[in-house]
Amino acid sequence: MLRINGLTVSHGAIRALDSVSFSVEQGGLTAVIGSNGAGKTTLMRTLSGLKSADSGSATWNDHNLLHGKPEHHVRQGISHVSEGKSVIPQLTVEENLDLGALWRRNPSEAKASKAEVFELFPRLEERRAQQADTLSGGERQMLAISRAYMARPQLLLLDEPSLGLAPLVIEQIFQSIRHIVDSMGVTVVLVEQNAMGALKIADFGVVLNLGKIAVSGAASDLIADPAVRTAYLGF
Amino acid sequence: MSQFLDMFLIGISAASIYSLMAISMVLVWRSTRVVNFAQAGMALLSAYIGYELVSRTGNFWIALPLAMILGAAFSAFIEFFLMRTLLKNSSQGPIAAIAPIIATLGLLGVIHAVLGFIWGHGDVQLEAPLSKVGYTVGDTTLFIAPMGLFVIGFVIALLFVVTILFQKTNIGLALRASAYAPEIAQLSGVRVSGIRTLGWAIAGAAGAAAGILQTVNGTGAINPDSLEFSLLLVFGFIAAVIGGLESLPGAVLGALILGLVLAFVQIYISGTLVFIVAFLLLLALLILRPQGFLGSKVGRRA
């Protein structure tokens, strides 16, 4: 279970997250939505260890997320796909995937994860020997998610996977994320500007506004909530 | 014809040593985004270490790999204690860009002073283990001698090992990933700071080999104020820039181009023009193709 309590994070003098508290049950998909500058990306970067917090606590089961570097958290089952197609363009598709499993000591398990990834995204298998900068935007996002999946995460943090993609591709990526939650037993926290799309596939929703939690609850309740609809879903 | 062959052989031998120097600079640049001006001093230190090891063991073939290991250890030490502290304490503002440059220049000064302090300011002599008398074909004596041939062969073997290491191993994948995109590497579980130190260590080993091979293939004389080693830094740097500063094959290609062009100038025009041509080549390249020939158009990501 992910528990966040009173989490406060600043960029210099600007407070990006102000006493944020929520928790996420194991095995669900939680969407964190909100407008630009609401603190969504800061939240993700703090949870994965890229950014340090001022105060508060964040734990995944017994593991303290506010202490240690990202490479440490990865080994405890927390993987983060950062904003903007987080792949290494100079490496091949397969090298990007291998990178995700580099720290795992068991090569046959890593191989099994790769097979799962190729089953989920057959396109990546076709292009395994190509350099990642030859991929389309959607394929890059598939590769970024797959790279994180190769680390065999329990908790997967996804930052704006829909950014800059065509609606049909977004639909496909979102379905794959849902599949990762349902069939592979991974807990996902999904940060999105595409609020409606994210809430539709999510179990729970958290709405951030200027660094604070505005509303949270079951995703279906949020979609039905008139205040959320006008402010964040635009109808 | 034999003049042309000589030009080619001079060019290749020079290029093999430039390429080691260029690889050192590229590896350091890729891992920490620092141009290490102390590289020449570190190579010179390694030449002295080689001299000490040869005079103690009496065997060059033991001294060379041992000096490379020590060179790697020294370079890793510098990264771990000097650069890491420096990057931590001055990571912001205008000083962040300048501090590493000044620090490596300072280190260069320290190394030179220490070398003079320990070994004095006169020459010491590192004897070549193989003959430097050129092979003869018919009645013409070629430029290339057993020593020179060994240098070329040894460098090719090292390049082969480095290529395998970088392209075919897990460590190599971690080294490349950390160079191109440190944050993504870190999020993938790579211990990026350790990988940085490793990059410096490999650079140190290559630089040590460059220092020793340059000495035994040249006059064998080592001097703390050696101009030869400062030139080695400059030529290694030019070779690295020709190759795009990011790319290991590029560094080797740059060294080949530079070595052959300078050999051509030396044989067909005048030895005194070598330096001028080297700098004109650097300037022309920076103006016409600043990303180098194998430089990547894909920038580094945060």
Participant: About how many Å separate OG of B/Ser193 and CD of A/Glu71, when rounded to the nearest 0.5 Å?
Facilitator: 6.0 Å

Participant: Taking all heavy atoms of A/Leu91 and all of B/Arg176, pick out the closest pair and write down the distance.
Facilitator: CD2-NH1, 3.8 Å

Participant: Could you tell me the separation between the CZ atom of A/Arg147 and the CD1 atom of B/Ile184, rounded to the nearest 0.5 Å?
Facilitator: 6.0 Å

Participant: Using a cut-off of 6.0 Å, state whether more than 12 heavy atoms not belonging to B/Ile171 lie near its atom CD1.
Facilitator: no

Participant: Could you check if a side-chain atom of A/Val74 sits within less than 4.5 angstrom of a side-chain atom of B/Leu187, using non-hydrogen atoms only?
Facilitator: no

Participant: Taking all non-hydrogen atoms of both residues into account, name the closest pair between A/Leu99 and B/Leu173 and its distance.
Facilitator: N-CD2, 3.7 Å

Participant: Can you say whether A/Asn96 sits under 4.5 Å from chain B via the side chain, the backbone, both, or neither, judging by heavy atoms?
Facilitator: neither

Participant: Counting only heavy atoms not in A/Phe118 (residues, nucleotides, ligands), do more than 12 fall under 6.0 Å from its CZ?
Facilitator: yes

Participant: Near A/Glu25 CD, under 6.0 Å, is it more than 12 heavy atoms from other residues, nucleotides or ligands?
Facilitator: no

Participant: So which residue, A/His72, A/Met150, A/Glu95, A/His80, ends up with the most heavy-atom pairs under 4.5 Å with chain B?
Facilitator: A/Glu95

Participant: With rounding to the nearest 0.5 Å, note down the distance linking CD in B/Glu183 to CD1 in A/Ile88.
Facilitator: 11.0 Å

Participant: Find the distance between CG (A/Leu50) and CD (B/Gln186) and round it off to the nearest 0.5 Å.
Facilitator: 6.0 Å

Participant: Does NE2 in A/His67 sit with more than 12 non-hydrogen atoms of other residues, nucleotides or ligands closer than 6.0 Å?
Facilitator: no

Participant: I'd like to know whether CZ of A/Arg3 has more than 12 heavy-atom contacts from other residues, nucleotides or ligands below 6.0 angstrom.
Facilitator: no

Participant: Is the backbone of B/Gly189 close enough, under 3.5 Å, to the side chain of A/Arg75 for a donor and an acceptor to pair up by distance?
Facilitator: yes

